[in-house]
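What follows is a short report on a single structure.
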There are 2 protein chains.
Amino acid sequence: MSENVGRWLRDEIETAILSNEFSPGERLDEMVLASRFGVSRTPVREALMQLDAIGLIEIRPRRGAVVIDPGPHRVYEMFEVMAELEGLAGSLAARRLDDKTREAIAAAHRRCELSAEAGDSDAYYYDNEAFHKAIYAASRSDFLEEQCTQLHRRLRPYRRLQLRVRNRLATSFTEHCAIVDVIFAGDGEEARRLLRAHVGIQGERFSDLVASMATR
Amino acid sequence: MSENVGRWLRDEIETAILSNEFSPGERLDEMVLASRFGVSRTPVREALMQLDAIGLIEIRPRRGAVVIDPGPHRVYEMFEVMAELEGLAGSLAARRLDDKTREAIAAAHRRCELSAEAGDSDAYYYDNEAFHKAIYAASRSDFLEEQCTQLHRRLRPYRRLQLRVRNRLATSFTEHCAIVDVIFAGDGEEARRLLRAHVGIQGERFSDLVASMATR
DNA sequence: GTCAATTGTCTTGTATACAAGATCGATATT
DNA sequence: AATATCGATCTTGTATACAAGACAATTGAC
C-alpha cells in the first residue's frame, strides 16, 4: 500500500479496470468507490483524475467517470505501436548488451521454456511478461523502458487472451528463441524485425483477437 | 477555458512548465498556484495529480510537487522514441494516403517552404509542427496520433532550441522535401527511414542539444 | 563555537459541507 | 396514448476546515 491514499487508490482502480472487474463503459461512482475502499471522495477523485490523464477512463464534466472501451480497432493500433517500441528496445538491447542484462534475459527465457514445455498457459503468461521486461531493461533507455512497461500494462488483458488461441504458446516460445539468438549475436536490426513481428498482430490473428474480445 | 477548473488548470500549468515559466526542479506550491489562478486548493491538487500521472511533475508524499528535470540524457532518449513513432507514422501515412491527408501534408509543406525561405525561425517552428501533425493524422491511427502529439508537446521546448543551431532551418526543410516525396510515392519503408533520421538526434547534434539546454 | 534536539510554523493530505448541473420520473396537455 | 415540460433527487465540482508530517530556526549542552 502506497504512502498516500490517492496513489494507492489509483493502482487499485487501475488493476480493477485492467483485470476487467470494471468493464469498459461502466460508470464509476465516486461515492461507491469511496465507501468500498473506506475513504472519502477526495482521494477517490484524485485517483480518477490520474486515470483520466493516463487515458484509462474518461471524465465527462458533471457526468461522471466511465471506463474507456478501446474497441478492437484501437487495441490493434495499440499493438501496432507496442510492436514498434519493442522493436526499438530489442535493437538497442542487442547493441548495448552486457553480462547482467544478458543473464537476466537468459534466465527469463529459461523460465518461459519450462512453462511452455509444461503447457502451463498461466505460468507462461507471467514468464513471458518477465522476458519482455528484461528486454526493455536491456535497452538501457529508462524512458523507453517506462513507455514499454506502461503500454504493456494496458495491453495485458488482451495479451492474456491471445495466449489462449490455438498453438500460440508454442509459437510464441519458438519466436522467443530466435529473438534471444539475434540479441545475443548483437544483430540489432534483426532483433527489431523479429520483435516487431512477434508483438504485432497481422492477418488472421486480428480476427482471433476480435473473437476473444467478444466472448470475454 | 475548459469546462471544469481542474482540467483548465492542468493545461495552464502544463503550458507554463513547457514554456519554461516553471523551471525544472522548481517547487510548485499549492497555495501559491491557487491564489494565482483565483481558485481553491482542491482543483489545483487535481491538476497536479494529473501532471504527475503524465510525468511532467513529481509529487513526493508530504513534500510537495516539483517540476521534473529530464536532463540531457533522458531528453535524448525521448527523441529516440519520438523518432521511432514518427517513423511508424510516416510509413503508415505512405501506405494509407488519400486526397484529404495528401493535401493537408502538401499545404503544411508549402507553409514551411515560405517560412524557410524567409528565414523566419519562429514561423518555421509553428509550420514545422503543423507539418509533423499532418503526418500523424495521415497515419490514420488515432492511438499513434495521440502518442505522437503528446510526446511532441513534451519535446516542444527542445525542438525550438534545435532550430536555433547553425543551418538547421534549411537542413530541416530539405529533409522535409525528401520525406514528402517518398510519402507521396507510397514508399512506406523509406518514409520510416527518413523520418527516423529527421527526428532523431545523432552525432554532434546531441552536443548541440546539451549546449543549448545549458544556456536556456 | 559547534552540533544536536526540540519546538514552532508551514505545507500537504483527507474529510466534510455546500452549491450547481444533470438525469429521471411524473404530470399535464395535445 | 404519447410527448414535452417541470421538478425532485442524486452526483459531481469547489471550497474550507482540520490533522499530521516535514523543515527550519532557536536554544541548550558539550
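Since the structure is predicted, the reported quantities are computational estimates derived from the model, not experimental observations. Below, chains carry the letters A, B, ... as their sequence lines are ordered, and counting in each starts from 1.
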B/Q50 and B/R10: side chain donor to acceptor below 3.5 Å: yes

Salt-bridge criterion met for B/R159 and B/E129 (N-O under 4.0 Å): no

Residue of the set B/D127, B/D122, B/D120, B/N128 for which side chain to side chain donor-acceptor pair (under 3.5 Å) holds with B/S115: B/D127

Contact state string [nucleotides 8-18 of chain D, B base, S sugar-phosphate only, - no protein heavy atom under 4.0 Å]: ---SBBBBBB-

Donor-acceptor pair between B/Y136 and B/E146 side chains, under 3.5 angstrom: no

NZ/NE/NH1/NH2 to OD/OE distance under 4.0 Å, A/E103 and A/R110: yes

